[in-house]
Amino acid sequence: MSLSARKLEPVTSVAKPMVSIENVTMAFGSFVAVQNVDLEVGNGEFLSIVGPTGCGKSTILNAIAGLLKPAEGDVSIDGAPVKGVQNSIGYLFQQDALLPWKTAYQNVELGLLFRGVDAQERHSKVMAWLEKVGLKGFEGRFPHQLSGGQRKRVQMAQALITEPKVILMDEPFSALDIHTRHLMQNELLRLWQEDRRAVVMITHDLEEAIALGDRVVVLAAGPKSRVIESFPVDLERPRNVAEIKLDSRFMTLYRDIWASLRGEVEKSYASH
Ligand SMILES: Nc1ncnc2c1ncn2[C@@H]1O[C@H](COP(=O)(O)OP(=O)(O)O)[C@@H](O)[C@H]1O
Ligand SMILES: [Mg+2]
């Protein structure tokens, strides 16, 4: 695999944002979950968002996906305002989003079917993606016949096969055991680096946020959560997520970000 050096540099300055969130407030009735959030994600940037449980991470992701409409403010993708559900997005969830009655092949094929891609192109793309994620020979298996890691691989292929402009991830690896999690995080980085797209990953796992991201944004405890601070992650790629945690720069970053996050986590414990 030949990757240009340019592609491996962290994206820290946002010249032309792929995702732009301007002054966004999200409310459920009179409950204001997040208030006046400004965030930009560059093309090819991997943005990690951390914050205490219930602070509005999923809500922000849903606003980008067009699943929830902001009470105030604007969200745009590649310069176009987000109105309604976006199909330029790939989604990776914590839970298994696979259809249990469809095979690995059929699950990976779904996004292409919805987009009306013809049968021959679907077939070649699905087979190529199953191979890329290490599932050649498993195409006929149903989700219950696959391990947790293998199901996650199917999900990754499913999210990436449509070549989305933006990939949204909501705690994508938190249901996996630690070894499988490291394996899948490395797999994800490998796939993402082949063709860097804008990623917004939310997680409550600070190590994961740093190990994968170009930048880590910290959200305040809710209600009325907001962005507190943004930390560039100046660690070269490709990265090995298990090894990078031993790097002294990783530990310094961890300490700095935790100093910012800690108070918010404590506030959220206090209110539960
Ligand atoms: N559909 C909803 N109706 C009412 N309140 C909601 C709804 N969805 C989320 N909330 C509330 O908004 C806040 C943020 O939720 P969420 O974005 O899921 O948090 P996170 O993903 O950071 O854990 C929480 O207090 C949650 O209870
Ligand atoms: Mg959530």
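Just so it is clear, the model here is predicted, and its values are computed rather than measured. The analysis underlying the following values was restricted to heavy atoms, covering all of them including side chains, and did not include hydrogens, waters or symmetry mates. Numbers for residues simply follow the sequence, beginning at 1. We count ligands from 1, going down the list as the structure has it; atoms in each ligand are counted the same way.
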The Mg ion (ligand 2): which protein N, O or S atoms are under 2.8 Å away?
-> Ser58 OG
Nearest 0.5 Å, what's the CG-CG distance between Asp74 and Asp38?
-> 10.5 Å
Would you sort out whether Thr59 and Asn62 count as a side-chain hydrogen bond (donor to acceptor under 3.5 Å, both in side chains), showing the intermediate values?
-> CA-CA 5 Å; Thr59 302; Asn62 286 332; 5.7 Å; no
Can the ring centres of Phe142 and Trp101 be said to be less than 6.0 Å apart?
-> no
Find all protein N or O atoms under 3.5 angstrom from an N or O atom of ligand 1 and list the pairs with distances, or write 'none'.
from: ligand 1; atom 1: 17 (O); to: Ser58; atom 2: N; distance (Å): 3.3
from: ligand 1; atom 1: 17 (O); to: Thr59; atom 2: N; distance (Å): 2.9
from: ligand 1; atom 1: 17 (O); to: Thr59; atom 2: OG1; distance (Å): 2.6
from: ligand 1; atom 1: 19 (O); to: Gly56; atom 2: N; distance (Å): 3.3
from: ligand 1; atom 1: 21 (O); to: Ser58; atom 2: N; distance (Å): 2.9
from: ligand 1; atom 1: 21 (O); to: Ser58; atom 2: OG; distance (Å): 2.9
from: ligand 1; atom 1: 22 (O); to: Cys55; atom 2: N; distance (Å): 3.2
from: ligand 1; atom 1: 22 (O); to: Gly56; atom 2: N; distance (Å): 3.0
from: ligand 1; atom 1: 22 (O); to: Lys57; atom 2: N; distance (Å): 2.8
from: ligand 1; atom 1: 22 (O); to: Lys57; atom 2: NZ; distance (Å): 3.0
from: ligand 1; atom 1: 23 (O); to: Gly54; atom 2: N; distance (Å): 2.7

Starting from the C-alpha separation in whole Å, work towards a yes-or-no answer on side-chain hydrogen bond (donor to acceptor under 3.5 Å, both in side chains) for Ser230 and Arg215.
-> CA-CA 7 Å; Ser230 175; Arg215 187 155 60 99; 3.2 Å; yes
Is Val34 reachable from Phe28 through a run of hydrophobic residues whose side-chain heavy atoms are each under 4.5 Å from the next?
-> yes
Trp129 CH2 to Ser124 OG distance, which is reported to the nearest 0.5 Å = 13.0 Å
Can you tell me how far the CD atom of Gln155 sits from the CE atom of Met169, to the nearest 0.5 Å?
-> 11.0 Å
Parallel, tilted or perpendicular: rings of Tyr105 and His123 (30°, 60°) | tilted
Do you see a donor-acceptor pair shorter than 3.5 Å between the side chains of Thr203 and Glu208?
-> yes
